[in-house]
Amino acid sequence: MPDETVHENAPDTGAPAPGTRRPGGRTARTRAAVRDAVLAGLTEHGYPGLTVEYVAEHSGVHKTTLYRRWKDVEGLVADALDLAGEDGWAPPDTGSLEGDLRALAQEVVDSFADPLVAAPGSAMIAAAFQSERAATALRAYYAERFARCEALVARAVQRGELPEPPSGTVDAGALVRSVSAPLFFRLFITREPIGHEQADQAVAATLAAAHAGVFSSGRTAGWATGPAS
């Protein structure tokens, strides 16, 4: 077995819980190996075909440990999504709101242009339709992404690119969803290709709505932001 294998009689360093940050060392390596095996299994077999035995074989972590720490396949998938949300991703900072939104839209296009690159993400989204725990973890993943985009919106308000709401704030989550939603609709509902043209359309519609103050709202759900102090 690999060095990062956690044997069933080794001290348990704690079951990973969605939303909880983890230390480095063997625990982090083990969790990453399990995450990679989960993604490979979802890509190869889909959620219905993913098993703890598959994850054990492909991660090098004994299945007894997997059952003890992650309980079942749902726990494995949920933690894989939670681990994906612990990356260092930050929203673009191009110097303009339009540039930032174009960069965000292009990220979506690039992520799904290559079928091999798109497969793990698509498999995770598909799993969320079959597991409530996976769906909860997926919502948390995107909520974290939206929260990171608060800085993008705050910069736009500071530069005067967005009208400063007389009361309330600008809902960063709603603004960012407006860019990505048409692209994801084509990808996962109508199963149509996406490219630069569709990305530009989504950005243009979002900018028009943003300039009209459509995304102004009260501070709700922890996703809104105002001008930085």
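Quick note: residue numbers are just sequence positions, from 1. Just so it is clear, the model here is predicted, and its values are computed rather than measured.
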TODO: Would you give the length of the straight line joining atom NZ of Lys71 to atom CG of Leu66, rounded to the nearest 0.5 angstrom?
DONE: 12.0 Å

Treating Ile, Leu, Val, Met, Phe, Trp and Tyr as nodes and any side-chain heavy-atom pair under 4.5 angstrom as an edge, say whether [X] and [Y] lie in one connected cluster.
{"X": "Phe188", "Y": "Leu39", "answer": "yes"}
{"X": "Val52", "Y": "Tyr54", "answer": "yes"}
{"X": "Phe129", "Y": "Val38", "answer": "yes"}
{"X": "Val176", "Y": "Trp89", "answer": "yes"}
{"X": "Leu207", "Y": "Leu183", "answer": "yes"}

For a quick test of reading the model, state the closest non-hydrogen atom pair linking [X] to [Y] and the distance between them.
{"X": "Ser59", "Y": "Ala33", "value": "CB-O, 3.6 Å"}
{"X": "Leu152", "Y": "Pro91", "value": "CD1-CB, 4.0 Å"}
{"X": "Glu132", "Y": "Glu74", "value": "N-OE2, 3.7 Å"}
{"X": "Ala134", "Y": "Leu81", "value": "O-CD1, 3.5 Å"}
{"X": "Thr43", "Y": "Pro120", "value": "OG1-CA, 3.5 Å"}
{"X": "Ala56", "Y": "His62", "value": "CB-C, 4.4 Å"}

Open item on the list: Do Pro92 and Leu104 make a side-chain contact, defined as non-hydrogen atoms from C-beta onward lying under 4.5 Å apart?
Closed with: yes

Open item on the list: Is any side-chain heavy atom of Leu97 closer than 4.5 Å to one of Val153?
Closed with: no

Open item on the list: Between Phe146 and Asp171, is the side-chain contact (heavy atoms from CB on, under 4.5 Å) condition met? List the steps.
Closed with: CA-CA 9 Å; Phe146 297 149; Asp171 188 334; over 6 Å; no

Open item on the list: Apply side-chain contact (heavy atoms from CB on, under 4.5 Å) to residues Thr30 and Arg69 and explain how you reach the verdict.
Closed with: CA-CA 11 Å; Thr30 298; Arg69 295 183 62 184; 4.1 Å; yes

TODO: Evaluate the side-chain contact (heavy atoms from CB on, under 4.5 Å) criterion for residues Phe184 and Ile125: first the C-alpha distance (whole Å), next the side-chain angles of each, then the deciding distance (0.1 Å), finally the verdict.
DONE: CA-CA 11 Å; Phe184 278 100; Ile125 292 172; 4.2 Å; yes

Using modelled atom types only, decide if a donor and an acceptor are shared between the side chain of [X] and the backbone of [Y] within a distance under 3.5 Å.
{"X": "Asp79", "Y": "Asp82", "value": "no"}
{"X": "Ser111", "Y": "Glu107", "value": "yes"}
{"X": "Glu144", "Y": "Tyr141", "value": "no"}
{"X": "Thr206", "Y": "Ala202", "value": "yes"}

- [ ] For side-chain contact (heavy atoms from CB on, under 4.5 Å), just list the numbers for Leu101 and Leu175, CA-CA rounded to whole Å, side-chain angles, deciding distance to a tenth of an Å, and then say yes or no.
- [x] CA-CA 9 Å; Leu101 296 184; Leu175 191 152; 3.6 Å; yes

Task: side-chain hydrogen bond (donor to acceptor under 3.5 Å, both in side chains) pairs, two or more places apart, involving residues 95-106 - done: Thr94-Asp100, Glu98-Arg102, Arg102-Asp200, Gln106-Asp110, Gln106-His196

Task: Modelled atom types, side-chain donor and acceptor of Thr136 and Arg133, under 3.5 Å - done: no

Open item on the list: According to side chain to side chain donor-acceptor pair (under 3.5 Å), who are the partners of Arg35, at least two apart in sequence or on a separate chain?
Closed with: none

